[in-house]
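For reference, the structure I am asking about is given below.
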Amino acid sequence: MKKTLYRLEIYYKQHATESEREFLLFILNHTREAIEMDIHTLAKQNYCSASTIVRVCKKNGFKGFRELKLALMNDLQFNEELMQSKIENLTSTQKVIPLVLNENIRSIQNTYALLDMNELEIIIRLLVNTPFISLFGIGASFLVAKDFQQKFERISKKTFLYEDIHLQLVHSTNFEKKDLGIIFSYSGLTKEMLEIAHNIKERGGILIAVTKYGTSKLLSLSDYNLYVPNSEASLRISASSSRISQLCIVDILYHTYLTKVHERSMDKIISTNKLLEKTGT
């Protein structure tokens, strides 16, 4: 799935009105044919008005239909569509391996598609300027938070992360104004994470959410968001694709952070590498 097509698909599933759905479905299913049409032909064929098409374009970040068509053309030229077959009923190892890898590749591509560069720059400034970062997550999302902690502690950025969910809840009640917290939650609906989010906001803290694209209670509470694609349906055996996407977000944050503090971080990276070599880890 490509960048623009993915955004249109999410919009179609979650926000489109009845008058918008037919032409959106046509674009999703007949992309090449749609980009060869002018706006009036597309509107007539799908029983809607040209203004409806323009409205949808603007809602999805495009100035008009011409700009949307250019983006769709870039999508078609970017690479071939990855396999999207389901994995549940496959038994052959040779078939399972490429499907798992393709699913992960698709998750990474869609994670990039959902990145808001302006939001990312603001978040990086917050990470640079805050004295410490509090991390929260449960299950597979806790493992992602742990990866964040491991990376940032190696460059001497203080973090707090508790494995016990009760201690996470207690820690969130100790927030003070402008303290920074990051919640990792794919669904954005986990009861404990929502309680933590409420605690942080009630105490004047700043909250960043790493969660799936769409609508959720967590998004209504957070100040800044980093989205991962809603792509768990075909690989629900484990939180595989969502974990890959969240780990990509962590890597992006870490390496972007390093570009801002490169000089003072390099000595820390070198010293921690030497220490780890001595201990054989």
| task | Count the heavy atoms of every other residue, nucleotide or ligand shown that sit under 6.0 Å from NZ of Lys217, and state whether that count exceeds 12. | result |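 Counting other residues, nucleotides and ligands, NZ of Lys217 stays at 12 neighbours or fewer.
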| query | With side chains defined as the heavy atoms from C-beta onward, is the minimum distance between Leu143 and Asp147 less than 4.5 Å? | reply |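 The answer is no; the side chains never approach within 4.5 Å.
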| query | In terms of hydrophobic clustering (I, L, V, M, F, W, Y; side-chain heavy atoms under 4.5 Å; direct or indirect links), are Phe65 and Phe62 co-clustered? | reply |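 Yes: a chain of side-chain contacts under 4.5 Å links Phe65 to Phe62.
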| Cationic tip of Lys158 within the cone over Phe132's six-membered ring, i.e. under 6.0 Å and within 45° of the normal? |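 Verdict for Phe132: no cation-pi partner in Lys158.
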| task | Could you tell me if the ring centre of Phe184 sits under 6.0 Å from that of Phe142? | result |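 No, ring centres 6.0 Å or more apart.
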| Can you say whether the rings of Phe160 and His171 are parallel (under 30°), tilted (30 to 60°) or perpendicular (over 60°)? |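 The rings of Phe160 and His171 sit tilted, inter-plane angle from 30° to 60°.
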| field | Ring centers of Tyr257, Phe152 separated by less than 6.0 Å | value |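 Judged by ring-centre distance (under 6.0 Å), Tyr257 and Phe152 do meet the cut-off.
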| request: For the residue pair Gln246 and Ser141, establish whether any side-chain heavy-atom pair is separated by less than 4.5 Å. | output: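 Yes, their side chains come closer than 4.5 Å.
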| Linking I/L/V/M/F/W/Y whenever any side-chain heavy atoms sit under 4.5 Å apart, do Leu167 and Leu194 land together? |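 Shared cluster, no.
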| Distance (rounded to the nearest 0.5 Å) between Leu68 CG and Ile27 CD1 |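 Result: 5.5 Å between the selected atoms.
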| query | Taking side chain as C-beta onward, heavy atoms only, is Ser134 less than 4.5 Å from Thr159? | reply |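 No, their side chains stay 4.5 Å or more apart.
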| Side-chain contact, heavy-atom cut-off 4.5 Å: Tyr6 with Asn230? |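 Contact flag for Tyr6/Asn230 side chains = yes.
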| field | Glu67, CD: over 12 other non-hydrogen atoms inside 6.0 angstrom | value |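 Count over threshold, so yes.
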| message | Less than 3.5 Å apart, any donor N or O on the side chain of Ser107 or Asn104 sitting next to an acceptor on the other? | response |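 Note: Ser107 and Asn104 side chains miss the donor-acceptor criterion.
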| request: For Ala145 and Leu135, work out which heavy atoms get closest and say how close. | output: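 Reported closest heavy-atom pair: O-CD1, 3.5 Å.
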| request: Mark yes or no for whether Asn110, through its side chain, and Ala113, through its backbone, hold a donor-acceptor pair below 3.5 Å. | output: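 No.
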| request: Taking atom NE2 of His15 as the centre, report whether more than 12 heavy atoms of other residues, nucleotides or ligands fall under 6.0 Å from it. | output: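 Yes, NE2 of His15 has more than 12 neighbouring heavy atoms, counting only those of other groups under 6.0 Å.
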| So does Arg55 pair up with Glu20, basic N to acidic O under 4.0 Å? |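 A salt bridge links Arg55 with Glu20.
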| request: Determine, step by step, whether Tyr213 and Arg7 satisfy the side-chain contact (heavy atoms from CB on, under 4.5 Å) criterion, reporting the C-alpha distance in whole Å, the side-chain angles of both residues, the deciding distance to 0.1 Å, and the verdict. | output: CA-CA 9 Å; Tyr213 183 73; Arg7 285 183 178 273; 4.0 Å; yes
| task | Measure the spacing between CD of Gln14 and CD of Glu9 and express it to the nearest 0.5 Å. | result |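 The CD atom of Glu9 is 10.0 Å from CD of Gln14, to the nearest 0.5 Å.
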| said: Between Glu121 and Lys260, does the salt bridge (charged side-chain N to carboxylate O under 4.0 Å, His left out) criterion hold? Intermediate values first, please. | reply: CA-CA 10 Å; Glu121 284 293 334; Lys260 306 298 183 183; 3.5 Å; yes
| request: Over all heavy atoms of both residues, which pair between Ser19 and Cys48 is shortest? Give the atoms and the distance, please. | output: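 Smallest interatomic distance, heavy atoms only, reads O-CB, 3.7 Å.
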| query | Between the side chains of His40 and Asp38, does any donor sit under 3.5 Å from an acceptor? | reply |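 Looking only at side-chain atoms, Asp38 and His40 do not form any donor-acceptor pair under 3.5 Å.
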| Any side-chain heavy-atom pair from Thr211 and Tyr186 closer than 4.5 angstrom? |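 Heavy-atom side-chain distance check fails, nothing below 4.5 Å.
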| query | Measuring from Leu221:CG to Asn199:CG, what's the distance to the nearest 0.5 Å? | reply |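 Reported value, rounded in 0.5 Å steps: 10.5 Å.
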| Minimum heavy-atom distance Gln168-Tyr162, with the two atoms named |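 Reported closest heavy-atom pair: NE2-O, 2.7 Å.
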| Hey, what do you get for CE (Met193) to NE2 (His198), rounding to the nearest 0.5 Å? |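 Separation between the atoms: 13.0 Å.
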| Test side-chain contact (heavy atoms from CB on, under 4.5 Å) applied to Ile208 and Ile133, Leu180, Asn225, the passing residue |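 For Ile208, the side-chain contact (heavy atoms from CB on, under 4.5 Å) check succeeds only for Leu180.
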| said: On a heavy-atom basis, which atom in Ser172 and which in Ile196 lie closest, and how many Å separate them? | reply: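 What the structure gives for the nearest pair is CB-CG2, 3.7 Å.
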| task | Any chance you could measure Thr130, atom OG1, to Asp179, atom CG, to the nearest 0.5 Å? | result |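 That separation rounds to 6.5 Å.
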| Going hydrophobic residue to hydrophobic residue with side-chain gaps under 4.5 angstrom, can you get from Leu253 over to Ile206? |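 Yes, Leu253 and Ile206 fall within the same hydrophobic cluster.
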| Ion pair Glu153/Lys157, N-O distance below 4.0 Å |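 Salt bridge: no.
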| Option among Glu33, Met37, Lys69 that satisfies the side-chain contact (heavy atoms from CB on, under 4.5 Å) test with Leu42 |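 It is Met37, the one option of Glu33, Met37, Lys69 that forms the side-chain contact (heavy atoms from CB on, under 4.5 Å) with Leu42.
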| request: Only one of Leu226, Leu126, Leu127, Leu207 passes side-chain contact (heavy atoms from CB on, under 4.5 Å) with Ile182; say which it is. | output: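 Per the side-chain contact (heavy atoms from CB on, under 4.5 Å) rule, the option paired with Ile182 is Leu127, out of Leu226, Leu126, Leu127, Leu207.
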| request: In sequence, state the C-alpha distance, the side-chain angles, and the governing distance for Ser242 and Ser245, and then conclude on side-chain hydrogen bond (donor to acceptor under 3.5 Å, both in side chains). | output: CA-CA 5 Å; Ser242 65; Ser245 298; over 6 Å; no
| hydrophobic_cluster_shared for Ile155 and Val128, side chain cutoff 4.5 Å |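 Linked, Val128 and Ile155 end up in one cluster.
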| said: Counting C-beta onward and ignoring hydrogens, is there a side-chain heavy-atom pair between Leu218 and Leu189 closer than 4.5 Å? | reply: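 With C-beta onward as the side chain, the pair stays apart.
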| query | Does Glu195 offer a backbone N or O that forms a donor-acceptor pair with the side chain of Lys191 under 3.5 Å? | reply |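 Absent.
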| query | Between Ile252 and Leu115, is a side-chain contact (heavy atoms from CB on, under 4.5 Å) present by the stated rule, with each step listed? | reply | CA-CA 10 Å; Ile252 289 167; Leu115 271 181; 3.7 Å; yes
| Is the shortest heavy-atom distance from the side chain of Lys44 to the side chain of Thr41 under 4.5 Å? |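 No - every pair of side-chain heavy atoms lies 4.5 Å or more apart.
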| said: Do Ile183 and Val210 make a side-chain contact, defined as non-hydrogen atoms from C-beta onward lying under 4.5 Å apart? | reply: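 Ile183 does not reach Val210 side chain to side chain.
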| Atom pair CG/CD1 of Asn174 and Ile200 - distance to nearest 0.5 Å |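 With rounding to 0.5 Å, CG (Asn174) is 11.5 Å from CD1 (Ile200).
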| field | Minimum-distance pair of heavy atoms, taken over all atoms of Arg21 and Ala16 | value |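 Closest heavy-atom pair between Arg21 and Ala16: CG-CB, 3.8 Å.
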| query | If you take all heavy atoms of Tyr11 and Lys59, which pair is closest and at what distance? | reply |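 Looking at all heavy atoms of both residues, the shortest contact is OH-CD, 3.1 Å.
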| said: Hydrophobic clustering (ILVMFWY, side-chain heavy atoms < 4.5 Å, transitive) - are Val250 and Ile122 grouped together? | reply: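 Linked, Ile122 and Val250 end up in one cluster.
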